Every structure is written in structure tokens, then in C-alpha cells.
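Notes to accompany the following structure.
Model, not experiment: these values are computed from the prediction. Sequence positions, counted from 1, serve as the residue numbers for this chain.
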Amino acid sequence: MEFRGVMGGLYKISEWIMRLSVINLLWILCSIPVFFFGFMGLVSPSPDGLKAMLPIIAILAPFTLFPATTAMFAVARKWVTGEEDVPLLKTFFRGYKENYVQSMVGGIFFVLIFVIISVNYFFYLKQGSSLKILAVLFIAFTVIMIISLFNFFSIMVHLHMKIFQILKNSVLISIGNPINSIVLLLCNGAIFYICVTKFNFFLVVFFMGSIMATFSFWQFNRSFTKLQIKQQELEEKEQQKLEEAEAEAEANSEDLVEEETETRNSAVSLHKNDEKNRE
């Protein structure tokens with residue numbers, strides 16, 4: 001039964017609320033160790049409680065949080081590409097299983113990068129004024145890696161590539177499309193801020209991850225589609241140039257054949273005139 005008008009709009013909204021909340025809950029359940037230790041650090045009476053939990057979270061994230069996030073992006077990809085009525089549980093766990101190894105390796109890579117950035121940032125921050133400038137550079141590098149992380153998940157669920165190619169392209173896309181990267185960072189930052197500070201973690205549990213994943217893949221897919229169109233236009237122009245060059249080469253070859261024919265005819269006619277003069 002299909003609803004129309006106001007009822008149809010309300011039904012559509014409620015359906016999307018259900019989809020987003022189910023995927024977000026699955027994401028949290030599959031990442032429960034990371035969220036558990038993160039929550040314990042936040043509610044700890046010690047001011048350094050969260051800092052003490054960070055090493056545990058860093059160790060667990062590649063094996064839980066990254067595969068679960070990849071699975072969430074796999075569902076978001078279906079939604080963005082027009083497959084809205086896909087089975088949520090089946091699609092989520094299929095994406096979790098198929099991309100587990102690559103997401104785990106990518107998770108280890110990103111965790112190591114963020115650890116290296118953090119160590120260097122705090123090291124240079126404690127140095128003299130001349131070396132503190134390097135701390136700012138590490139902040140910029142952190143921003144690039146955060147944007148690359150969103151692109152990493154989008155590329156993994158959308159394209160068939162090896163893990164090294166996924167990591168490389170995620171960074172290149174982040175640097176090569178600065179406007180899209182800034183929009184991606186600002187919008188996801190706004191979503192995160194609203195969910196964490198304004199609604200007492202209600203949206204974190206039910207909507208934050210799924211909304212960020214859907215928006216991130218939509219932004220990536222829009223940029224990727226534009227890139228494909230540009231590439232197709234360049235290929236068409238190159239093909240057109242080749243066809244024009246071939247046509248020009250054929251015309252030149254025909255002109256050469258005509259010139260050779262005329263030269264032969266003139267040589268024959270001269271030869272005949274010589275024979276007549278001899279007679």
C-alpha cells in the first residue's frame with residue numbers, strides 16, 4: 001500500500017528514521033569494546049581517565065570499529081546509489097565480512113599515523129617558540145588524515161582495489177579536492193558536535209554514525225561522478241583527435257598517391273616526346 005500526500009511524507013520520514021537507527025545500533029554493537037572503554041574514560045572521576053583509555057581504544061579500533069564502520073558505509077553506499085530497500089542486516093554483515101581484512105589493515109595504518117602525529121605534536125609543543133611552528137603543521141596533517149579516513153571507507157566499499165591503492169587514493173582525493181574536503185570536514189564536524197553536545201548522546205546511539213556515513217559517501221560519490229565525467233570527456237577528445245589525425249593521414253596519403261601518379265604520367269609523356277623527336 002502506497003501512501004500519498006502528508007501521510008506518504010510521514011511514512012517516508014519514519015522509514016528513514018528506522019533505517020538510520022538500525023544501522024547506527026549495529027555499528028555500535030559491533031564496536032562495543034571501543035565505545036565501552038571510551039564511555040568509561042568519559043565518566044571516570046579522574047581528569048586523565050579518557051587519556052588512560054586511549055591506548056586500549058587504539059589497540060581495539062582496527063579490529064572492531066573500522067570493520068563496523070566499513071559495513072555501515074556499505075549500507076550507505078546502497079542508499080546513495082538508489083537501492084533504498086536493501087535488507088539492512090544482510091547488507092551490513094556482508095559488508096563487514098567481505099571488507100574485514102582490508103579495513104583492519106587500514107585501521108592499523110591510520111591508528112599508527114595518528115599515534116605518530118600525536119607524539120610529534122606534543123613533543124614540538126613543549127619546545128622553543130621556533131619549533132612550535134611544527135606543531136601547527138602536525139595539526140594540518142591531522143586534518144588531512146581525518147578527511148582521508150572518510151574517503152578511505154567510501155573507496156573501500158565502492159571500488160575494487162588493493163589496500164595500498166585505497167590508502168593512496170584516499171589521501172590523493174583529500175588533497176586534490178580541497179573544497180570538497182573542507183565541506184566534508186565541516187559538515188561531519190557539525191554533525192558530531194550537535195550529536196555529542198546538544199542531545200545528551202541520544203543521537204550518538206541512534207543516528208550519528210549512520211548520518212555521517214551517508215553524507216560522507218554522498219559527497220564522495222558526487223565528486224567521483226564528476227571525475228568520471230571529466231575523464232570520459234578527455235577520452236572522447238583524445239579519440240576525436242586520433243580520428244582527425246587518421247583522416248588527415250589518409251588525405252595526405254591520397255594526395256601523395258595522386259602526385260606520384262601525375263609524376264609517372266608526365267615522365268611517360270616526356271619519354272614518348274623524346275621518341276618522337278628521335279624519329
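Expressed to the nearest 0.5 Å, how far OG of S174 lies from CD1 of I147 amounts to 6.0 Å. Residue H160 holds its NE2 atom at 10.5 Å from CD1 of I166, rounded to the nearest 0.5 Å. If you take CZ on F73 and OG on S103, they are separated by 12.0 Å, rounding to the nearest 0.5 Å. Atoms CG and CE, from L20 and M208 in turn, are 13.0 Å apart once rounded to the nearest 0.5 Å. A distance of 13.0 Å separates CZ in F138 from CE in M145, rounded to the nearest 0.5 Å. Remark: I191 CD1 to I194 CD1 distance equals 7.5 Å, nearest 0.5 Å.
A distance-only check finds a donor-acceptor pair linking the side chain of S170 to the backbone of L167 [under 3.5 Å]. In terms of modelled atom types and a separation under 3.5 Å, the side chain of N151 and the main chain of N169 share no donor-acceptor contact. For the pair Q165 (side chain) and K162 (backbone), a donor-acceptor distance under 3.5 Å is present. Under the 3.5 Å distance criterion, the side-chain polar atoms of T91 are left unmatched by any main-chain donor or acceptor of L88.
With a 4.5 Å cut-off between side-chain heavy atoms of Ile, Leu, Val, Met, Phe, Trp and Tyr, the cluster of V43 takes in F39.
By the neighbour-count criterion of 12 heavy atoms within 6.0 Å, atom CE of M18 is densely surrounded, having more than that number from other residues, nucleotides or ligands. Summarising the local packing, CD1 of I179 is surrounded by 12 or fewer heavy atoms from other residues, nucleotides or ligands at distances under 6.0 Å.
The distance between the ring centers of W27 and F35 falls below 6.0 angstrom.
Partner of E236 under the side-chain contact (heavy atoms from CB on, under 4.5 Å) criterion, out of Q239, Q232, E238: Q232 alone. If you run side-chain contact (heavy atoms from CB on, under 4.5 Å) between L65 and each of V34, I57, L60, only V34 comes through. Shown are F220, F66, F217; of these, the ring pair (Phe, Tyr, Trp, His ring centres under 6.0 Å) with F153 is made only by F66.
Placement of V143 and L149 within a single hydrophobic cluster is found when ILVMFWY residues are connected by side-chain heavy-atom separations under 4.5 Å, directly or transitively. Grouping the Ile, Leu, Val, Met, Phe, Trp and Tyr side chains by contacts below 4.5 angstrom, directly or via other members, places V171 apart from I108. Under the 4.5 Å side-chain heavy-atom criterion for ILVMFWY residues, a single connected hydrophobic cluster contains both I13 and L203. M212 and V183 end up in the same hydrophobic cluster when Ile, Leu, Val, Met, Phe, Trp and Tyr side chains are linked at under 4.5 Å. Put simply, F122 and F114 are part of the same group of oily side chains (I, L, V, M, F, W, Y) that touch within less than 4.5 Å, one to the next.
Closest of all the heavy-atom pairs between P55 and A52 is CD-O, 3.4 Å. Considering all non-hydrogen atoms of both residues, M161 and Q102 come closest at O-NE2, 2.9 Å.
Salt-bridge annotation for K237 and E233: absent, with no side-chain N of the basic residue lying under 4.0 Å from a carboxylate O of the acidic one. Using a cut-off of 4.0 Å between Lys/Arg side-chain N and Asp/Glu carboxylate O, K78 and D85 are scored as not salt-bridged.
Remark: R77 fails to qualify as a cation-pi partner of W79 under the 6.0 Å distance and 45° angle criteria applied to the six-membered ring.
With a 4.5 Å cut-off on side-chain heavy atoms, L89 and F93 count as touching. Residues F224 and I173 have side chains not in contact (no heavy-atom distance under 4.5 Å, counting atoms from C-beta outward). Within the 4.5 Å cutoff, no side-chain heavy atoms of N180 are placed close to those of L184. No side-chain heavy atom of E98 sits under 4.5 Å from any side-chain heavy atom of M156. Taking 4.5 Å as the limit, every side-chain heavy atom of L26 sits out of range of all side-chain heavy atoms of M72.
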task: Evaluate side-chain contact (heavy atoms from CB on, under 4.5 Å) for V204 paired with F192, printing each intermediate quantity in order.
output: CA-CA 8 Å; V204 175; F192 179 81; over 6 Å; no
task: Check the pair K97 / R94 against side-chain contact (heavy atoms from CB on, under 4.5 Å), numbers first and verdict last.
output: CA-CA 5 Å; K97 181 181 178 181; R94 180 187 295 169; 6.0 Å; no
message: Does T70 form a side-chain hydrogen bond (donor to acceptor under 3.5 Å, both in side chains) with N99? I'd like the steps, not just the answer.
response: CA-CA 7 Å; T70 303; N99 301 297; over 6 Å; no
- request: Could you check I163 against F152 for side-chain contact (heavy atoms from CB on, under 4.5 Å), going step by step and ending with a plain yes or no?
  value: CA-CA 10 Å; I163 184 62; F152 167 77; 3.8 Å; yes
- request: Please assess F164 against F109 for the test side-chain contact (heavy atoms from CB on, under 4.5 Å), listing each intermediate value before the final yes or no.
  value: CA-CA 10 Å; F164 176 75; F109 170 80; over 6 Å; no
- request: For side-chain hydrogen bond (donor to acceptor under 3.5 Å, both in side chains), just list the numbers for S154 and N221, CA-CA rounded to whole Å, side-chain angles, deciding distance to a tenth of an Å, and then say yes or no.
  value: CA-CA 8 Å; S154 297; N221 188 60; over 6 Å; no
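Using a 30° and 60° split on the angle between ring planes, F92 and Y96 fall in the parallel class, below 30°.
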